[in-house]
Amino acid sequence: MAEERFDFREVEPRWQKYWEDKKIHEVKRDTSKPKYYALAMFPYPSGKLHMGHVRNYSIVDVIARFRRMQGYNVLHPMGYDSFGMPAENAAIQKGISPAVWTKSNIAEMTEQLKQLGYSYDWSRAVYTYREDYYKWTQWLFLQLYKKGLAYKKTAPVNWCPSCETVLANEQVVDGKCWRCDSVVTKNNLSQWFFKITQYADELLADLKLLEKGWPDRVRTMQENWIARSEGAMVDFAIAGFDEKLTVFTTRPDTIYGVTFMVVAPEHGIVERLINAGLITPEKAAQVRTFQEKTKSLNEIARTSTDTEKEGLALGVSVINPFNGQQVPLWIANYVLMEYGTGAVMGVPAHDQRDFEFAKKFGMDIRVVIQNPAEPINEAEMTEACPAAGVMVNSGPFDGLGNEEGIGKVAAYAEEKGFGKKTVTYRLRDWLISRQRAWGAPIPVVYCEKCGTVPVPDDQLPVRIPADLDFTGHGTSPLARHEGFVNATCPSCGGPARRETDTMDTFVCSSWYFMRYCDANNANAPWSQEDVNYWMPVDQYVGGIEHAVLHLLYSRFFTKALRDMGHVAVDEPFAALLTQGMVIKDGSKMSKSKGNVVSPEDMIVRYGADSCRLFILFASPPERDLDWSDAGIEGSYRFINRFYRMVTSALPEIQHARTLLPVKAGNMAGLMGAITEGELAEGLQRALPNLAPEDKELRRVIHRTVKRITSDLHDRFAFNTAISGLMEMTNAVYAYRDKMGNRDWTISTLVLAEAIQKAVLIIAPFCPHLADEMWTKLGHHQSIHLEPWPAYDEDVARAEMVEIVVQINGKVRERLDVPAGVTAAEMEQIALAADKVRDLIAGKQVVKVIPVPGKLVNIVVK
RNA sequence: GCCCGAGUGGCGGAAUGGCAGACGCACGAGACUUAAAAUCUUGCGGUCUUAAACGGCCGUGCCGGUUCGAGUCCGGCCUCGGGCACCA
């Protein structure tokens, strides 16, 4: 065969320019076709693309191109999630303005995305840092505010006392500031929240709608993140103090087993008890020290069962309303203010954490749930017993099954007025305030007379000033910018101060998929017609690391906006594919490890098509992918092998053209182009004259088309789809080896069919190669506008199949049988085979299990 | 720690309860070539018997279970990875 190579350096840029000039990936609403919205999680413009991006975008590009060929009107957009910390860090470290840094990174990454040949509709690109985008982020904030879904409350932030600045969790390393190594503490600030908990029930219930399209594990993670739990709130009186302490418990059935009470160190009651003098001054000093110590622990450390439990008795008692018993009140590091009411009842007999706490501090253990068959004894317990059983030592509830008891106890409390049945969630409201300058400013002003006043729509956007001073110390640059802070109250016209916090970048990324539907709308975030035509996203693809936060926030946003009438869908992402990471030599690519593979280098050396092909071939999409330099070499070789397969067959295909009448409408017919219809008809006529080799090749071709169609449509198995393409290529080579002395007339037709279908199938994976080959086959229109090839079930079906005969589960014989044999026939054939008869001679056949078309298992004794 | 995953040849992986190792990489052999590269053909889990496997046995992280049959389902571990609310 000819020793030619695919000249990707010349071909790839040429086709990229062609697609861009012809705008073939720009889409409009079109009700004559079914729509398909294919979406990749948009990148943060950190500088250059990394292999994780290439993997993500190659997956979505294959899906988009495949669906286009299948006749869908495909929306495939791209943009940049371009607010965030790295731009501010660049400003602090290099003195470049965040906007300039961001813009130049975007330019570089866009260039690389274009070099990879992704079929984006660039006319719809969104950039969250631009005014025309964040204007609408602010508008949406105000919509939520007006609906009562945005509110302010006090919440702690990480605080570096030396830099006098707020730190992100990422900037706290082992409890210390990443820049100056000072011990980080907590500061309370008044901050904005979104009321996502109002949607907790629906976010949980609607996971059912995603059963088909989302991975089980992501739904499970969200379910556990929201974590609905049913239980009861119970009010405990405080001895000598006129305030009730409300606790939440999922086990009201154990309420008679309470031997102590614990609140979070930051619980408000502690302060009030100190102020009321119920906690002695010496004790109060200890409390302060304890609170300071807890502040330096993060949540993971506090809730870890490995962490030593620390506690401090306050010298105050609370009264169990069920039995009037007084139990001591404690503070402890393992109780969080964020969950439930920040107060938990201590039932050491039936809760492991309480058990450990009671053991450490010498508190009573009282069993109130017994297993009558194997009674437990307080003195001998080595761990808590959370199991079900019968209620004992529980006053009027004795003898009740504990599960029944849960409801009865709660109902009793409700009746008596000291408690009620409650549902709580682990999910907390979404804190969106960030003390940073490179984000969408929260569009609110504070007026001495009018209070908190939203900025009117016609004054949006609240702009980030261009002349900010980034130091990395002290308050946010926005808060230090006089021109920004000083404002006029929109309500009374008097002097006012602007809110200086910006929004969490997750707010920007909670609605970008709706902006893509109508990205250039200057009057609204989107039009109803567009958003309701394109939404929901049919296939969303991104990293598993977003399983909870981004995906949950976006679901919340969609539901809240639906309730305000801005969009008509319940869920934003009908289907989700979570792709694994790209690693090298067993660990994450990182500069410090020096194992970073640059997409740029790979494109220069092997071309975009090889790069795309390898990254899709090396691993199934959900799994982590180990990058291999030798592997991409293999993909590069395959592309050349494919190229030679097509180019060397061109004379035969020209010949095939002369055998077939050109049908009306085939404009490229004179150039040698054959339509799929012409080929199918020609082969239909040639059918009686086909040799076994012809039939075999046709079988491979049609079976492969079928398999790849299903791999792409049903299960996103790009790796096996590509291996199918390789097998098909191998089959064509084997066929051509035998072609020399065969009937030239028929074999050229079969070959033409094989080549043409192969080129169509490879189009979503290697779009440049495919378009180039399509042109060489005489076609005049881009292959990406052609329909996906058809396959014929009858041609794909094998005449004979090999079945396996097992004896007691071990393979003992292989037999060729006609394809459609029944189970009964298979059983007969298997038992009649010589080798089988020898092996079962003298033994008793207990059972025969025939599996049609696959195997027969004979069980003998 | 808690929640969620993953583990198969020298390597990446394939196998929807039914032949473990498709396809590719690496490596070996052969063809072509003055030579090399490229290309084409071919072999390739371990082990035992054997002149030779078209033979036997073992083998999908470990231990146990369900089943005629388990890489696949169930229970218990081990190791690695993702998330844990201010990285995005």
Side-chain angles (χ1 to χ4, degrees), chain A residues 1-3 5 41-44 46 81 83-86 157-158 166-172 215-225 227 298-307 338 426-436 504-506 509 543-550 552-553 578 580-581 583 586-588 614 617-620 622-635 637-638 640-641 644 714-715 717 719-720 722-727 730 733 737 802-811 814 846-849 851 853-860:
Chain A
M1 294 202 188
E3 285 182 30
R5 282 182 179 231
M41 291 180 184
F42 65 166
Y44 177 79
S46 51
D81 187 12
F83 272 139
M85 282 203 310
V157 292
N158 297 314
V166 174
L167 298 178
N169 286 343
E170 194 191 44
Q171 300 170 317
V172 181
D216 289 347
R217 66 158 151 163
V218 176
R219 284 186 297 112
T220 308
M221 279 190 252
Q222 293 213 352
E223 206 174 299
N224 293 339
W225 184 263
N298 66 29
E299 233 170 80
I300 295 171
R302 278 179 68 173
T303 52
S304 167
T305 45
D306 264 3
T307 306
E338 283 80 12
R426 203 187 71 106
L427 177 72
R428 308 198 291 253
D429 277 339
W430 174 12
L431 196 172
I432 61 150
S433 291
R434 296 293 179 268
Q435 296 69 41
R436 298 182 194 288
D504 179 4
T505 55
F506 276 125
S509 59
I544 184 68
E545 68 272 19
H546 296 289
V548 176
L549 296 178
H550 162 63
L552 195 62
Y553 293 148
T578 50
M581 285 192 314
I583 57 180
S587 61
K588 205 168 173 170
F614 174 67
F617 177 61
S619 180
E622 293 88 353
R623 261 214 255 178
D624 284 352
L625 181 155
D626 205 335
W627 182 268
S628 141
D629 292 337
I632 189 170
E633 194 97 32
S635 293
R637 277 207 295 268
F638 170 71
N640 283 309
R641 186 170 155 86
R644 283 189 301 272
D714 308 326
R715 46 177 225 148
N719 54 333
T720 56
I722 292 165
S723 73
L725 263 165
M726 290 171 171
E727 285 175 61
N730 292 343
Y733 272 81
D737 265 3
E802 190 187 71
I803 63 156
V804 162
V805 183
Q806 296 183 332
I807 295 172
N808 288 346
K810 293 215 183 271
V811 179
R814 289 152 200 279
V846 181
K847 204 174 184 181
V848 180
I849 299 121
V851 182
K854 283 193 178 142
L855 60 69
V856 177
N857 188 12
I858 302 165
V859 185
V860 297

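Letters go in sequence order (proteins before strands), and every chain restarts at 1.
Residue-level contact check: A:Val859 touches the backbone only, with heavy atoms under 4.0 Å from sugar-phosphate atoms and none from bases. The residue A:Ser635 sits apart from the nucleic acid: no heavy atom pair falls under 4.0 Å. Nucleic acid contact for A:Phe638: none, since no nucleic acid atom lies under 4.0 Å from a heavy atom of the residue. Here A:Glu338 lies out of heavy-atom contact (under 4.0 Å) with every strand. Counting non-hydrogen atoms under 4.0 angstrom, A:Pro620 reaches the backbone sugars and phosphates but no base. No contact: A:Glu622 has no heavy atom under 4.0 Å from any strand. Among the protein residues, A:Arg434 comes within range of the nucleic acid bases, having at least one heavy atom under 4.0 Å from a base atom. Across all strands shown, A:Val848 has no heavy atoms under 4.0 Å from either base or sugar-phosphate atoms. No engagement by A:Asn640 is indicated, since no non-hydrogen atom pair under 4.0 Å with the nucleic acid exists. Residue contacts shown for A:Arg219 are absent, as no nucleic acid heavy atom lies under 4.0 Å away. Within 4.0 Å (heavy atoms only), A:Arg436 reaches at least one base atom of the nucleic acid. Here A:Asn857 lies in heavy-atom contact (under 4.0 Å) with a base. Contacts of A:Ala630 with the nucleic acid, taken as non-hydrogen atoms under 4.0 Å apart, involve only primed sugar atoms and P, OP1 or OP2. Within the nucleic acid shown, A:Trp225 comes within 4.0 Å of at least one base atom, counting heavy atoms only.
In this structure, the CZ atom of A:Arg814 is 13 Å from the C1' atom of B:G55, given to the nearest Å. Look at CG on A:Asn224: it is 12 Å from C1' on B:G83, rounded to the nearest Å.
Taking both residues in full, the closest heavy atoms of A:Arg436 and A:Val166 are given as NH2-O, 4.0 Å, listed atom of the first, atom of the second, then distance.
A cation-pi contact, defined as under 6.0 Å to the ring centre and within 45° of the axis, links A:Arg641 to A:Tyr733.
Checked against B:C4, B:A88, B:C86, the side chain of A:His546 finds its nearest nucleotide in B:A88. Picking from B:G24, B:C86, B:C4 the nucleotide with the shortest atom distance to the side chain of A:Gln435 gives B:C86. Distances from the side chain of A:Arg637 to the nucleotides B:A26, B:A85, B:C23 place B:A26 closest. The side chain of A:Arg715 lies closest to B:A15 when the candidates are B:C68, B:A15, B:C86. Considering only side-chain atoms of A:Glu727, the nucleotide from B:A22, B:C68, B:C84 that sits closest is B:A22. The side chain of A:Ser723 sits closest to B:A22 out of B:A88, B:A22, B:C86. With B:A85, B:C86, B:U39 as the candidates, the nucleotide lying closest to the side chain of A:Asp504 is B:C86. Here the nucleotide nearest the side chain of A:Val811, chosen from B:U41, B:A15, B:A20, is B:A20. For A:Met85, the side-chain atoms get nearest to B:A88 when compared with the rest of B:C86, B:A15, B:A88. For A:Gln806, taking side-chain heavy atoms from C-beta onward, the closest of the listed nucleotides B:C19, B:G24, B:U39 is B:C19.
To the nearest whole angstrom, the two P atoms, one in B:A53 and one in B:A35, are 33 Å apart. Annotation: B:G82 and B:A29 have their P atoms spaced 42 Å apart (nearest Å). Taking atom C1' in both B:G30 and B:C80, the straight-line distance is 43 Å, to the nearest Å.
Using Watson-Crick or G-U wobble geometry with both donor-acceptor distances under 3.5 Å, B:C2 finds its partner in B:G83.
In this structure, B:G9 is classed as syn because its glycosidic torsion stays within 90° of zero.
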I'd like to know whether A:Asp504 forms a side-chain contact (heavy atoms from CB on, under 4.5 Å) with A:Leu431, so could you lay out the CA-CA distance, the side-chain angles of the two residues, the decisive distance to 0.1 Å, and finally the verdict.
CA-CA 8 Å; A:Asp504 179 4; A:Leu431 196 172; over 6 Å; no

Chi angles and distances behind the side-chain contact (heavy atoms from CB on, under 4.5 Å) call for A:Phe506, A:Trp430:
CA-CA 10 Å; A:Phe506 276 125; A:Trp430 174 12; 3.6 Å; yes

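For A:Asn169 against B:C86, a side-chain-to-base donor-acceptor contact under 3.5 Å is absent.
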